[in-house]
Amino acid sequence: MIRRTPPLFLWALYAVLLIATAIMCLSVSSAGAQDSAEMTNASCLECHNADILTLSPEDLAGQVEVDASALPKVRPLFVTGELNLAINEKRFAEGVHADITCIGCHKGISEVPHKQRLAPVDCRECHDDAVESVKKSAHGVGAKAVGCVGCHDVHYGKGKDSYEAKFQRQACVDCHKAYGRDLVKGHTRLYEAKLHLGLDCMLCHAGKEPGVHNIPAAKTKSAGCESCHSKNTILATTKTPGGGNFLSPEMLNADVAKKYGYVVGANRIPLLDTIIVLAFFAPFALPLFHGGLRFITRRKEPVELPEEKILLHPFTERLWHWVQAFAIVMLIITGVIIHWSEHFPGMFAWAVRWHNIFGWVAVIAFIVWLLYNLLTMRIKHYIPSKEDLTKGVFKQAKFYSYGIFKHEPHPYAPSEDNKFNPLQKLSYLQFQGFLLPILLISGLLYMYPQYFKGVINAIGGMQVLAIVHIILGGLFAAFLVAHIYLATTGETIGENFKAIITGRGLASHHEEHGKDDHRHV
């Protein structure tokens, strides 16, 4: 068999075909690479402009490679910004992401049209620290955790400073409302919730690190009451300088008063505080000096007491006395904690709650005292007579300041019809009948300012009301110390205490008191 060599032109044609095929492959490869390289923002904006919003669902489906699965029924909430297919090129160019290409965030796009369902954008690639902070915060916990697009206008964002400026109260309210979270219900345990909800949320919900990404979970106490209700309040835009004159009459945190009005525990008058503290400790001089002198001049022989007892304090009076006494003691303790809360960390909310409770106890006790004494006419025990005012006061004062050390007879022994001496009548009438009602009324105004705005404004505002309330509280604290000590000046040190517990006291008569048989110690 004779083998023939193909003509030369066939070899040439074959070579041309091979070269053409290679060129076509290189061209296709180069074209593919060019498509990927030419995927610029302009390429995306050819479709993602305002015109895309006018297309029908059928036309939209023709713009992309439609997935077999249906579109998601629930789109993520985009509260701060917008979530649509149209991008405003000018606004995008002014945003913080202007230097990033669309495919820099929307991965998986190499050509257009692209798939209908893109992979979710992973903000962690650029904002890893922020994403981790959010996951640990209140916004990253639970089934309704907020994604980045819940707060950030990612296409037109202006940057960190702009977002933090926006996150004031209204931004929080709008976002929580959009996510179905009731702010009022979430703060039912907060004292005067509606009043506090008017403040900037970040005042209380700031985390250990600054910024909205670090808002702690609800069960985490990020800011205690003392954060605002103390002289070092975070409500202050300027810090109170330390080392100043403690007698300065200026209000601490004056900028707080100017911006927020009166804030319990934050606004004080150092001079007034000093006077109140001194007034409280001044009566302690009675047991120290007066009591010390009584001890030095005490009788050495045994004391003989009369056997007869008389009813000085009926059961109703005793019950009222001890209830009111306990209420006042608790009001003083809790009032101190409220006013100087920075010295009692973590106790402000407890003190406010119990101060209000015992305030109402004191109100009820006073009403019981007033009605009981008016209906039974025992109010006469508190009314000084003309003789009491002209002579009795001086006679009783002389006994306390001189006669008691000489064991002189008590000028006014208690009886069933006249159980108080002239000085007791004046002090009890002043404190129980006059100052206590003012203290209680000021406390009620203090407790419910939203209902008594007209009255509070008429007397000069919350600051004036607070000054009145605090001064009266200090006076009652001082009176309590003096009252307890003077109760020891009866026939014996403990006789008056026994009488207010059992109701019965010694039947001593004025004419029976003599220097030789007086029982006073």
Side-chain angles (χ1 to χ4, degrees), residues 169 183-184 186-208 215-237 239-240 242 251-257 259-270 272-274 276-277 280 326-362 439-440 442-450 456 462-463 465-474 476-477:
R169 178 184 179 276
L183 283 178
V184 177
H187 293 83
T188 52
R189 297 183 63 185
L190 178 65
Y191 177 73
E192 291 293 344
K194 291 184 178 180
L195 183 65
H196 283 90
L197 285 176
L199 300 174
D200 179 11
C201 303
M202 291 296 292
L203 286 173
C204 298
H205 292 284
K208 294 181 179 179
I215 295 176
K219 294 182 179 180
T220 303
K221 294 182 179 179
S222 59
C225 301
E226 298 85 355
S227 299
C228 292
H229 296 279
S230 70
K231 70 175 184 179
N232 302 316
T233 176
I234 60 176
L235 298 175
T237 56
K239 297 298 182 183
T240 303
M251 292 294 291
L252 290 178
N253 296 316
D255 54 325
V256 176
K259 185 176 181 180
Y260 298 97
Y262 177 75
V263 178
V264 179
N267 302 111
R268 310 175 195 161
I269 303 176
L272 179 60
D273 283 0
T274 303
I276 289 175
V277 171
F280 170 72
F326 184 67
I328 290 178
V329 169
M330 291 303 300
L331 286 171
I332 293 171
I333 293 173
T334 53
V336 169
I337 296 173
I338 292 170
H339 192 64
W340 289 285
S341 61
E342 64 270 14
H343 300 296
F344 306 92
M347 296 184 67
F348 184 87
W350 173 87
V352 169
R353 182 172 65 253
W354 284 104
H355 195 79
N356 293 342
I357 291 173
F358 282 107
W360 274 111
V361 172
L439 176 65
L440 297 177
S442 66
L444 292 175
L445 296 178
Y446 214 151
M447 197 186 310
Y448 303 108
Q450 66 274 28
I456 295 173
M462 282 295 295
Q463 184 171 311
L465 175 65
I467 291 173
V468 171
H469 192 72
I470 292 168
I471 290 176
L472 290 177
F476 269 87

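Computed from a predicted model, the values in this text were never measured in an experiment.
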To the nearest 0.5 Å, what is the distance between [atom1] on [X] and [atom2] on [Y]?
X      : Y      : atom1 : atom2 : answer
Leu439 : Phe476 : CG    : CZ    : 5.5 Å
Ile333 : Met347 : CD1   : CE    : 9.0 Å
Ile467 : Leu272 : CD1   : CG    : 6.5 Å
Ile456 : Tyr446 : CD1   : OH    : 10.0 Å
Cys225 : Ile337 : SG    : CD1   : 12.5 Å

Restricting to non-hydrogen atoms, name the atom on [X] and the atom on [Y] that form the minimum distance, rounded to 0.1 Å.
X      : Y      : value
Gly346 : Glu226 : N-OE2, 2.7 Å
Gly261 : Asn267 : O-OD1, 3.6 Å
Cys228 : Val263 : O-CG1, 4.0 Å
Leu331 : Ala362 : CD1-CB, 4.1 Å
Gly359 : Leu440 : O-CD2, 4.3 Å

**Request:** Would you confirm whether Asn253, through its side chain, and Lys231, through its main-chain N or O, come within 3.5 Å as a donor-acceptor pair?
**Result:**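 Answer holds: yes.
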
**Asked** Hey, does the side chain of Glu342 reach the backbone of Gly265 with a donor-acceptor pair shorter than 3.5 angstrom?
**Response**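 No: the side chain of Glu342 does not pair with the backbone of Gly265.
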
**Asked** Between Ile470 and His339, is a side chain to side chain contact (heavy atoms under 4.5 Å, CB included) present by the stated rule, with each step listed?
**Response** CA-CA 9 Å; Ile470 292 168; His339 192 64; 3.4 Å; yes

**Request:** Carefully, step by step, assess Thr233 and Tyr260 under the rule side chain to side chain contact (heavy atoms under 4.5 Å, CB included).
**Result:** CA-CA 12 Å; Thr233 176; Tyr260 298 97; over 6 Å; no

**Working for side chain to side chain contact (heavy atoms under 4.5 Å, CB included), residues Ile328 and Ile332** = CA-CA 6 Å; Ile328 290 178; Ile332 293 171; 3.9 Å; yes

**Request:** Could you go through the side chain to side chain contact (heavy atoms under 4.5 Å, CB included) check for Thr334 and Trp350 one step at a time?
**Result:** CA-CA 8 Å; Thr334 53; Trp350 173 87; 4.0 Å; yes

**Prompt:** Is the gap between the ring centers of Trp354 and Phe358 under 6.0 Å?
**Reply:**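 Judged by ring-centre distance (under 6.0 Å), Trp354 and Phe358 do meet the cut-off.
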
**Request:** Give me the ring orientation class for His229 and Phe348: parallel if the planes are under 30° apart, tilted from 30 to 60°, perpendicular past 60°.
**Result:**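 Ring orientation, 0 to 90° scale: parallel.
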
**Prompt:** Does a side-chain heavy-atom distance below 4.5 Å link Val264 with Ile338?
**Reply:**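 In short, these two side chains touch, coming nearer than 4.5 Å.
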
**Min side-chain heavy-atom separation Tyr262-Leu465 under 4.5 Å** =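 They are not in side-chain contact.
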
